[in-house]
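One structure is given here, and the rest of the page talks about it.
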Amino acid sequence: MNIVESQDFAVNTKSLREVRDFARNIFDKSPILQSQKDELVLAIAEAAQNIVKHAYKDNQDTTDKMQIKISFKDNELEIGFFDKGKPVNEENIKHRKLDDVKPGGLGTYFIQQIMDEVVFKESTGWHNHLVLTKKY
Amino acid sequence: MSYKVTEEGNISTVFLDGEIDMDKTEAAKELIMPLIEAKKEVHLNLKDVQYMDSSGISVLIESHQKAEEVGTKVTLKEISKSVLKVIMMAKLEQILNLE
């Protein structure tokens, strides 16, 4: 079963629930994805949260939209995140060490644990294009 | 997220429910932190929490650390399967008080 769906979301914390509902509805369409729905929804929500928290850190009142595109083809799941916030410097993306227990710094770790690959790509018209992939 | 708080002696039990994400963490902290600062032993009942992300986990860590600082304790009770999965992914099952 092939799936390609995309949706725009306001860049704010209130949208995170909508992001999760969007993802859950898609994952319910595939038995393979449904079996890992909770983890996949967490990865997507953490990536969306990073856009709100970091790319728009200094622009909380933005009217920009972020776009999330989920595709599942040939047993490969690809999730794209597009935003026009502050360009991400990949060198600054680090999760905290797990034994250094303190609040924060876990979102990126969760994404890396759940997905096979996490990369930033160039995308015309957007400032950041994050791609998460997982093979089944 | 909604909540209910019950008191019995020095123990405050906070029943949380719904989905705890970045949008809800301030409300959760405003509820839990004053109880800890009042040196109550806090039981967080997470049976009806269907979803928790890294922001929610941060609230659990912050609560735990604040409790240790003031000499009391936060215990997580009846943790839902989905929340437990996230706690274990963060390797916090040996750090936080789980029951």
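Any value given below was found using the heavy atoms of this structure, including those in side chains, with hydrogens, waters and symmetry copies removed. What you see is a predicted model; the values in this text were computed from it and never measured. Order of the sequence lines sets the chain letters (A, B, ...), proteins ahead of strands, with each chain counted from 1.
- Connection of Leu60(B) to Val70(B) is established within a shared hydrophobic cluster, with ILVMFWY side chains joined at heavy-atom distances below 4.5 Å, either directly or through further cluster members.
- Counting heavy-atom pairs closer than 4.5 Å to chain B, the top residue among Arg24(A), His95(A), Gln113(A) is Arg24(A).
- Using a 4.5 Å cut-off between heavy atoms, Arg17(A) contacts chain B through both its backbone and its side chain.
- One hydrophobic cluster, built from ILVMFWY side chains closer than 4.5 Å, holds both Leu76(B) and Leu31(B).
- A 6.0 Å sphere centred on NZ of Lys53(A) holds more than 12 heavy atoms belonging to other residues, nucleotides or ligands.
- Atom CD of Glu122(A) has 12 or fewer neighbouring heavy atoms from other residues, nucleotides or ligands inside a 6.0 Å radius.
- Nearest heavy atoms, Gln49(A) versus Met22(B): CG-SD, 3.3 Å.
- For the set Asp99(A), Leu98(A), Asn12(A), Leu42(A), the entry with the most heavy-atom pairs within less than 4.5 Å of chain B is Leu42(A).
- Across all non-hydrogen atoms, the minimal contact from Pro103(A) to Ile61(B) is N-CG2, 3.8 Å.
- With a threshold of 4.5 angstrom between heavy atoms, Glu62(B) approaches chain A through its backbone and through its side chain.
- Taking a 6.0 Å sphere around OH of Tyr3(B), one finds it holds 12 or fewer heavy atoms contributed by other residues, nucleotides or ligands.
- Heavy atoms closer than 4.5 Å to chain B are found in both the backbone and the side chain of Phe110(A).
- Here NZ of Lys24(B) is found 9.0 Å from CG of Leu16(A). Values are rounded to the nearest 0.5 Å.
- For Lys29(A), the NZ atom counts as densely surrounded, since its 6.0 Å shell holds more than 12 non-hydrogen atoms of other residues, nucleotides or ligands.
- When every heavy atom of Met89(B) is checked against every heavy atom of Tyr109(A), the shortest pair comes out as O-CE2, 3.2 Å.
- Residues Ile51(A) and Phe82(A) do not share a hydrophobic cluster, defined by chaining ILVMFWY side chains whose heavy atoms lie under 4.5 Å apart.
- Under a hydrophobic clustering in which Ile, Leu, Val, Met, Phe, Trp and Tyr are joined whenever their side-chain heavy atoms come within less than 4.5 Å, directly or via other members, Ile68(A) and Val131(A) fall into different clusters.
- Environment of CG in Asp100(A): crowded, with over 12 heavy atoms of neighbouring residues, nucleotides or ligands closer than 6.0 Å.
- Interface remark: Val59(B) contributes no atoms to any contact with chain A (heavy atom separation under 4.5 Å).
- Considering Lys81(B), Lys85(B), Gln50(B) in turn, Lys85(B) is the only one that fulfils the side-chain contact (heavy atoms from CB on, under 4.5 Å) rule with Asp38(A).
- With a 4.5 angstrom heavy-atom cutoff, Leu92(B) touches chain A only via side-chain atoms.
- Expressed to the nearest 0.5 Å, how far CD1 of Ile111(A) lies from OG of Ser54(B) amounts to 8.0 Å.
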